[in-house]
Amino acid sequence: MSYEFYQQMIKRRYKRLRWLTLFILFLICFVEVATETNLLPVHLLAMETGYQLGFMIGFQLAIGIKLVKMQRFLRDEQRLYAAYCKENDERRKMIEEKSNVMTFRLLLILLVGCTMVAGYIDKKTFFILLILLFVILFAEIAIKKYFSYKY
């Protein structure tokens, strides 16, 4: 990827994140207005709405930090070049790929363990986790097949 293409890509990401920020702010305002004016049924204003609101606020903060970083990249040519070098570093890509594979395997083992424990506690949770396990395994097999045919 060329440096100019990377610069244009950062500009596009910056614009998309700004639009996403506006959309999330709209959702936060909607939930607040709906809560205050009782537009939503009472059962929807329980803990789930609070969790979703907290998640949206946290996501908004993370996007805000990313936007500030991107704005600094776009203003300072040296920072942009440093970010370009960091993103195209082969060693970093290999480390990230290996750690992602190990993390996925660890989470899969933990999911199997949780599924076994849930079998003793609650059958509904057991079947939900079992279905989730099969979906994840199916997705992994499909992705491996796709890349084996592609490369």
Q | Sequence neighbours excluded - side-chain hydrogen bond (donor to acceptor under 3.5 Å, both in side chains) pairs with any residue from residues 127-141 | A | E140-K144
Q.
Enumerate the side-chain hydrogen bond (donor to acceptor under 3.5 Å, both in side chains) contacts for residues 125-139, please, sequence neighbours excluded, ordered by first and then second residue.
A. D122-T125
Q.
Nearest 0.5 angstrom please: M70 CE to R79 CZ, how far?
A. 14.5 Å
Q) Quick one: CG on L27 to CD on Q60, what's the gap to the nearest 0.5 Å? A) 10.0 Å
Q: Check the surroundings of atom CZ in R72: do more than 12 heavy atoms from other residues, nucleotides or ligands lie under 6.0 Å from it?
A: no
Q) Heavy-atom count around R12 CZ within 6.0 Å, excluding the residue itself: above 12? A) yes
Q) side chain to side chain donor-acceptor pair (under 3.5 Å) with R92: which residues, sequence neighbours excluded? A) E96
Q. Excluding sequence neighbours, so at least two apart, what forms side chain to side chain donor-acceptor pair (under 3.5 Å) with R13?
A. E87
Same cluster or not: are [X] and [Y] linked, directly or through other Ile, Leu, Val, Met, Phe, Trp or Tyr residues, by side-chain heavy atoms under 4.5 angstrom apart?
X: M9; Y: L74; value: yes
X: I24; Y: I57; value: yes
X: M102; Y: M94; value: no
X: F23; Y: F59; value: yes
X: I136; Y: I131; value: no

If you link I, L, V, M, F, W and Y whenever their side-chain heavy atoms are under 4.5 Å apart, who else ends up in the same group as [X]?
X: L25; answer: none
X: I121; answer: V117
X: L106; answer: L107, L110

Q: Could you go through the side-chain contact (heavy atoms from CB on, under 4.5 Å) check for Q7 and E77 one step at a time?
A: CA-CA 10 Å; Q7 189 175 20; E77 199 72 26; 4.2 Å; yes
Q. Are C29 and F26 close enough that some pair of their side-chain heavy atoms sits under 4.5 Å apart?
A. no
**Q.** Side chains of L80 and D76 in contact at under 4.5 Å (non-hydrogen atoms)
**A.** no
Q. Ring pair (Phe, Tyr, Trp, His ring centres under 6.0 Å): which pairs involve residues 75-101, sequence neighbours left out?
A. Y3-Y81, Y3-Y84, Y6-Y84
Q | Residue pairs, two or more places apart or on separate chains, that pass ring pair (Phe, Tyr, Trp, His ring centres under 6.0 Å) and touch residues 87-130 | A | none
Q: Kindly give the heavy-atom pair with the smallest separation between C114 and L129, and that separation in Å.
A: O-CD1, 3.9 Å
Q | Heavy-atom pair with the smallest gap, counting every atom of L17 and I63 | A | O-CG2, 3.9 Å
Q. Passes side-chain contact (heavy atoms from CB on, under 4.5 Å), L108 versus L137? Steps please.
A. CA-CA 9 Å; L108 201 57; L137 289 173; 3.8 Å; yes
Contacts of type side chain to side chain contact (heavy atoms under 4.5 Å, CB included), residue [X], not counting sequence neighbours:
X: K150; value: Y146, F147
X: K69; value: I65
X: V112; value: M116, L133

Q: Walk me through it: do K93 and N88 pass the test side-chain contact (heavy atoms from CB on, under 4.5 Å)?
A: CA-CA 8 Å; K93 286 181 182 179; N88 291 313; 4.2 Å; yes
